[in-house]
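Below is one structure, written out as structure tokens, with a few remarks after it.
Small disclaimer: the values here were computed from a predicted structure and weren't measured. All values below were derived from every heavy atom in this structure, side-chain atoms included, with hydrogens, water molecules and symmetry-related copies excluded. Labels below follow one simple rule: chain letters A, B, ... track the order of the sequence lines, proteins then strands, and each chain is numbered from 1.
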2 protein chains.
Amino acid sequence: MASHEQGPERKRRARAQEGDSRRKHTINDVARMAGVSKKTVSRVINASPFVKEETRKAVLDIIRETGYTPDPQARGLAFRRSFLVGLIYDNPNPQHTVSHQLGILDALKGTGFELLVRPVDRTSPKLLDDVRVFVERQKLYGVVLPSPVSENEDLVALLKELGCRYVRIASVPMDDAACMVVSHDGKGAADAARHLADLGHTRIALISGPPTFRSSVERRRGFESGLAERGLSLDPALVKQGAYTYESGINAAGELFALENRPTAIFCLNDEMASGAYLAAREHGLRIPQDVSIVGFDDAPIAARLWPALTSVRLPLRDMGRMAGEMLVPDPLREVQADAHEVQPQLIVRESTATAG
Amino acid sequence: MASHEQGPERKRRARAQEGDSRRKHTINDVARMAGVSKKTVSRVINASPFVKEETRKAVLDIIRETGYTPDPQARGLAFRRSFLVGLIYDNPNPQHTVSHQLGILDALKGTGFELLVRPVDRTSPKLLDDVRVFVERQKLYGVVLPSPVSENEDLVALLKELGCRYVRIASVPMDDAACMVVSHDGKGAADAARHLADLGHTRIALISGPPTFRSSVERRRGFESGLAERGLSLDPALVKQGAYTYESGINAAGELFALENRPTAIFCLNDEMASGAYLAAREHGLRIPQDVSIVGFDDAPIAARLWPALTSVRLPLRDMGRMAGEMLVPDPLREVQADAHEVQPQLIVRESTATAG
DNA sequence: CGTGGTTATGATACCGGTGTCATATGGTCC
DNA sequence: GGACCATATGACACCGGTATCATAACCACG
């Protein structure tokens with residue numbers, strides 16, 4: 001254990017004697033000023049129904065006057081839990097992380113809850129131990145798990161064991177719907193498939209992600225179903241497995257472009273790989289979109305900056321974070337949140353797709 | 001105030017009677033098992049010098065056996081502060097935010113401190129009030145302020161008034177050095193200037209950022225000094241002001257390319273604007289780097305994905321976060337951190353720069 | 001007017017730590 | 001051996017909230 005050298009045993013400075021008007025008010029101050037006991041103030045704070053309306057008003061007045069807010073640490077100590085929500089993530093895409101954070105904090109605003117971030121290594125053997133210590137020590141109110149962490153069933157089992165609330169953000173339903181925000185990546189992929197088919201493409205390639213990612217599986221499944229709707233099917237020779245990285249996109253697309261009968265369109269399961277496909281296309285002297293159409297997934301910042309701008313599937317990341325936060329933390333001021341814990345991906349058509357040559 | 005409906009006044013479940021082996025240990029358990037008072041355990045935890053070596057060992061043994069860790073809430077309540085560090089940021093670049101977070105958490109690992117994130121709107125009139133409430137309610141141990149928030153002197157003054165530790169991350173020294181991590185953006189910009197000058201460029205343009213950002217001022221200053229070292233100076237006609245955005249980069253570069261005697265090289269004060277310059281170059285039929293060299297700043301993920309890959313100045317963002325965390329939180333296990341709270345930018349030369357045509 | 005059943009309130013203990021202060025212990029010096 | 005001092009320890013109050021339980025206040029009813 002690390003000890004913290006907080007200058008133990010030091011004398012407490014005199015404080016009460018001089019004008020302590022600047023000192024923060026406590027529940028005792030409010031109680032005294034309102035002429036009630038602290039327990040009654042506590043009842044008002046916690047919206048207990050057993051407080052006379054008149055008393056409640058008086059206490060609330062004092063609270064407003066003094067600007068009193070309860071100390072989350074003291075409250076947490078008594079409640080045996082904290083007012084902290086954890087975000088446990090392992091996503092190399094900074095935009096996902098930041099967007100989720102912004103969304104979660106949108107939901108937490110005004111509730112008194114705060115957000116603790118905890119990046120993890122999902123391949124670490126210590127992952128479960130780390131999460132256990134994190135949740136127990138901080139007595140977390142709940143945690144948000146974006147993918148791919150949300151796909152770790154052992155971790156979810158651990159959270160259940162610890163009695164820690166959680167909301168999973170994932171591409172496909174995997175659990176009690178009350179604990180999930182579902183992005184339906186498959187629908188976005190199907191949109192991409194129809195878009196390419198409608199442009200007249202028939203030799204359409206796919207660069208997939210690691211099969212251990214549910215998003216990859218789901219995007220591929222959706223893409224195939226979209227093609228099927230247009231009477232097309234995926235030619236196994238035109239499917240290359242990538243790793244969601246730039247380099248893997250370069251390699252996979254390079255292989256596709258080296259085929260005798262090369263595809264006229266490629267769907268890359270994320271934008272990083274699509275960027276790699278751009279480079280490979282240049283290396284093979286192929287123009288986008290005249291010679292080959294390319295579609296990505298994520299609508300990362302890079303998508304609009306590439307040239308030509310990349311057609312991609314956008315996920316409402318911030319909304320997803322907000323929904324997760326709303327599901328986790330009850331806010332009496334909020335309207336009953338619709339149980340629609342699902343969002344729809346959106347195909348953003350830019351300049352990287354055109355009619356088949 | 002939002003009330004939280006935590007089921008007040010509910011009966012506590014019987015617990016102590018049945019096998020409470022699973023219950024977390026408290027300082028009382030440790031004290032009893034070690035045969036000392038809780039105060040002595042507290043002394044051991046806080047590395048008090050007034051504990052007999054023998055007693056200390058005995059207590060530490062029990063602590064190790066039981067896996068006891070003190071409750072941060074209870075400790076914080078008694079200490080009148082928390083073991084939480086805040087990250088107050090307003091940076092549209094998600095990579096900055098995530099890298100800083102990772103770095104700060106590198107430093108916090110093993111110290112028992114946790115990181116609370118707080119995105120803010122630096123233009124909001126409620127900014128100071130929000131920060132005050134945030135710091136006071138959470139009794140933050142300290143906060144990290146990346147730029148541009150770090151440049152808000154009112155906010156820094158507020159933190160001083162509140163007695164809240166802070167570390168500023170900024171491009172140039174602005175304060176007591178003990179409270180700053182300095183990235184010396186100017187040096188990186190000077191590197192860029194020399195690089196272009198050494199390639200034979202003389203008509204070198206600059207697309208600046210908003211003058212309200214210290215980073216913009218500092219990068220420009222460094223660039224000019226780098227040029228001066230090579231006997232060059234910035235032609236006012238070749239300086240355009242941007243806003244650190246893609247669109248502003250397109251416009252500024254477009255104006256430069258429309259000049260009769262257009263520049264052969266452009267230094268853009270961030271990569272977003274450099275991306276815009278890429279688009280403008282294409283619109284004007286100019287090849288990069290044959291017709292115009294372009295240098296960016298930030299080495300954002302996009303830099304390596306653009307075509308041709310963008311020469312840019314990289315800041316060690318994660319290191320900067322780590323240093324900020326180390327400065328904020330004392331860790332007895334850590335070696336005395338060098339008082340070198342400065343980092344050096346690094347010019348990453350890629351394919352967007354070549355000898356002057 | 002006493003009885004009984006709500007409704008409303010407060011006294012007190014408690015959550016799990018630390019600060020204060022009193023006291024016990026051990027060694028040195030005369 | 002007694003005075004003195006530094007070291008080592010514990011009893012107790014306290015940090016700012018909530019849970020438990022007793023009790024007061026109120027009402028309707030016989």
Notebook entry, point to check: How far apart are the closest heavy atoms of B/A170 and B/S150, and which atoms are they?
Noted result: CB-OG, 3.7 Å
Notebook entry, point to check: Nearest to the side chain of B/D71, which nucleotide is it out of C/dG17, C/dT18, D/dG17?
Noted result: C/dG17
Note to self: Distance check needed: D/dA13 C1' versus B/R80 CZ, whole Å only.
What the structure shows: 12 Å
Item checked: Whole-Å distance separating the CD1 atom of B/I45 from the P atom of C/dG19 -> 12 Å
Check: Who passes side chain to side chain donor-acceptor pair (under 3.5 Å) against A/K57, sequence neighbours left out?
Finding: A/E53
Check: Which of these nucleotides, D/dT18, C/dG17, C/dT18, is closest to any side-chain atom of A/A78?
Finding: D/dT18
Next item on the list: State, to the nearest 10°, the angle formed by the axis through the first five base pairs of the helix from C/dC1-D/dG30 to C/dC30-D/dG1 and the axis through its last five.
Entry: 60°
Note to self: In this structure, how many angstroms lie between the P atom of D/dA19 and the CG atom of A/L77, rounded?
What the structure shows: 12 Å
Notebook entry, point to check: Are the side chain of A/T66 and the backbone of A/I62 linked by a donor-acceptor contact shorter than 3.5 Å?
Noted result: yes
Item checked: Nearest-Å distance for atom pair NZ/P, residues A/K57 and C/dA8 -> 14 Å
Item checked: Residue pair A/D121 / A/T123, side-chain donor-acceptor N/O under 3.5 Å -> yes
Next item on the list: Would you indicate which nucleotide in C/dA8, C/dG10, D/dT18 comes nearest to any side-chain atom of A/K52?
Entry: C/dA8
Notebook entry, point to check: Between C/dG17, D/dT18, D/dC21, which nucleotide gets closest to the side-chain atoms of A/R43?
Noted result: D/dC21
Note to self: Which nucleotide wins on minimum distance to the side chain of A/T26, given the candidates D/dG16, C/dG17, D/dT9?
What the structure shows: D/dG16
Check: Is a donor-acceptor pair below 3.5 Å formed from side chain B/K39 to base D/dA11, judging by atom type as modelled?
Finding: no
Margin query: What is the separation between atom CZ on A/R75 and atom C1' on D/dG16, rounded to the nearest whole Å?
Written below: 11 Å
Checklist line | Partners meeting side chain to side chain donor-acceptor pair (under 3.5 Å) with A/E54 (sequence neighbours left out) | finding: none
Note to self: Counting only side-chain heavy atoms from C-beta out, which of D/dT18, C/dT18, D/dT9 sits nearest to B/S42?
What the structure shows: C/dT18
Check: Which part of the nucleic acid, if any, lies within reach of A/V41 when heavy atoms closer than 4.0 Å are counted: base, sugar-phosphate only, or nothing?
Finding: nothing
Next item on the list: Would you mind telling me which residue lines up with the more 5' stretch of DNA chain C, A/T40 or B/I27, judged by nearest nucleotide?
Entry: A/T40
Check: Starting at the 5' end of DNA chain D, which residue's closest nucleotide do you reach first, A/K38 or B/V36?
Finding: B/V36
Check: Taking atom C1' of D/dA11 as reference, at what distance in whole Å does atom CG of B/N28 sit?
Finding: 13 Å
Notebook entry, point to check: Closest heavy-atom contact between A/R168 and A/M174?
Noted result: NH1-CE, 3.5 Å
Note to self: Before you tell me yes or no, could you show the steps for A/Y141 and A/F83 under ring-ring contact (aromatic ring centres under 6.0 Å, His included), namely the whole-Å CA-CA distance, both residues' side-chain angles and the distance that decides it to 0.1 Å?
What the structure shows: CA-CA 6 Å; A/Y141 180 83; A/F83 296 90; 7.4 Å; no
Notebook entry, point to check: Rounded to whole angstroms, how far apart are CD on B/E54 and C1' on C/dT25?
Noted result: 13 Å
Next item on the list: Can you measure from CZ (B/R75) to CD1 (B/I45) and round to the nearest 0.5 angstrom?
Entry: 6.5 Å
Check: Could you state the CD-C1' distance from A/Q73 to C/dC15, rounded to the nearest angstrom?
Finding: 13 Å
